[in-house]
Each structure stands twice: as C-alpha cells, then as structure tokens.
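What's counted below: heavy atoms across the whole structure, side chains too, no hydrogens, waters or symmetry copies.
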Amino acid sequence: KTDLTLFPDVLFLDINMPEMGGWEFIEELNKFPEFILNECKIITLTSSIDQEDIEKSKTYKTVYDFISKPLTIQWTYR
C-alpha cells in the first residue's frame, strides 16, 4: 500500500535542469500508478518562452501549468 501523504500535491519543475531534464523527469514520474499521479500537479517554472515547450507541456496530463521566469505577481491557470 502506498502512503499518499508522502507524495507531494504540487511539484514546481524547471524543464532546463542538469543531469535529468524536466521532460525526462516527467516521463519517469508518469511510470507511477495513475492513482498517485491524480494526486500530484506539476507546474513548470522555467526560463523557457519557447512555444514548442509550452505546447509540449499541454500533452502531459500531470502538467497543470507552464510559467515562464521571471515571475510576476499575477499569473493565471491555463
């Protein structure tokens, strides 16, 4: 049995990371059972403003939002 309290509700993820990129991380995360993934939302927080990255983020069920840095006070959920 998996303890869902140990799994985060939200993950802020930079897609431009060393060692393992954000897209690679999401692919690995998506190997978890569906009932766990339903409890976790990923918000990409990245310096990328590339439209391809934004569109790619929409193909992942676990990605809730795509936010480009630098952050501003206001942002909206997609």
Side-chain angles (χ1 to χ4, degrees):
K1 184 175 175 183
T2 304
D3 185 357
L4 291 178
T5 62
L6 300 177
F7 206 80
D9 295 330
V10 177
L11 286 172
F12 291 93
L13 179 67
D14 193 336
I15 58 173
N16 299 314
M17 297 186 302
E19 303 294 320
M20 176 186 280
W23 302 127
E24 191 178 2
F25 176 85
I26 292 171
E27 290 294 331
E28 290 299 313
L29 183 70
N30 282 336
K31 294 178 182 177
F32 280 83
E34 188 77 19
F35 74 95
I36 292 176
L37 296 177
N38 289 338
E39 300 299 319
C40 180
K41 292 181 176 30
I42 296 174
I43 297 176
T44 60
L45 183 58
T46 182
S47 60
S48 176
I49 56 171
D50 189 333
Q51 191 63 37
E52 287 183 30
D53 285 336
I54 296 168
E55 292 305 315
K56 185 173 184 173
S57 75
K58 293 176 183 178
T59 67
Y60 291 100
K61 188 173 152 181
T62 51
V63 176
Y64 184 70
D65 205 351
F66 187 100
I67 303 171
S68 295
K69 296 181 216 175
L71 295 178
T72 59
I73 293 174
Q74 294 180 343
W75 57 277
T76 58
Y77 298 102
R78 71 172 158 157

* Asked: For the residue pair Glu24 and Glu19, what are the closest heavy atoms and their distance?
  -> OE1-O, 4.2 Å
* Nearest heavy-atom neighbours spanning Ser48 and Phe66 -> O-CE2, 3.6 Å
* **Nearest atoms (heavy-atom pairs only) where Asp14 meets Thr46** => OD1-OG1, 3.1 Å
* Roughly how far apart are Leu11 CG and Thr62 OG1, rounded to 0.5 Å? -> 9.0 Å
* How long is the span from the CG atom in Leu45 to the CZ atom in Phe12, to the nearest 0.5 Å? -> 7.0 Å
* **For the student: nearest non-hydrogen atoms of Leu13 and Ile26, plus distance** => CD2-CG1, 3.6 Å
* To do: Answer yes or no: is there an ion pair linking Lys41 with Asp65, defined by an N-O contact shorter than 4.0 Å?
  => no
* Please tell me if the side chains of Ile42 and Val10 come closer than 4.5 Å, counting only heavy atoms from C-beta onward. => no
* Asked: Is the number of heavy atoms from other residues, nucleotides or ligands under 6.0 Å of Lys69 NZ greater than 12?
  -> yes
* Minimum heavy-atom separation for Phe7 to Cys40, with atom names? -> CE2-CB, 3.5 Å
* Quick one: CD1 on Ile43 to OG on Ser57, what's the gap to the nearest 0.5 Å? -> 11.5 Å
* Side chains of Glu55 and Glu52: does their closest heavy-atom pair fall under 4.5 Å? -> no
* Asked: Could you walk me through whether Ile67 and Thr44 pass the side chain to side chain contact (heavy atoms under 4.5 Å, CB included) check?
  -> CA-CA 6 Å; Ile67 303 171; Thr44 60; 5.9 Å; no
* Of the non-hydrogen atoms in Ile49 and Ile54, which two are nearest, and what is the gap between them? -> O-CD1, 4.3 Å
* Asked: Asn38 versus Lys61: any side-chain heavy-atom pair under 4.5 Å?
  -> yes
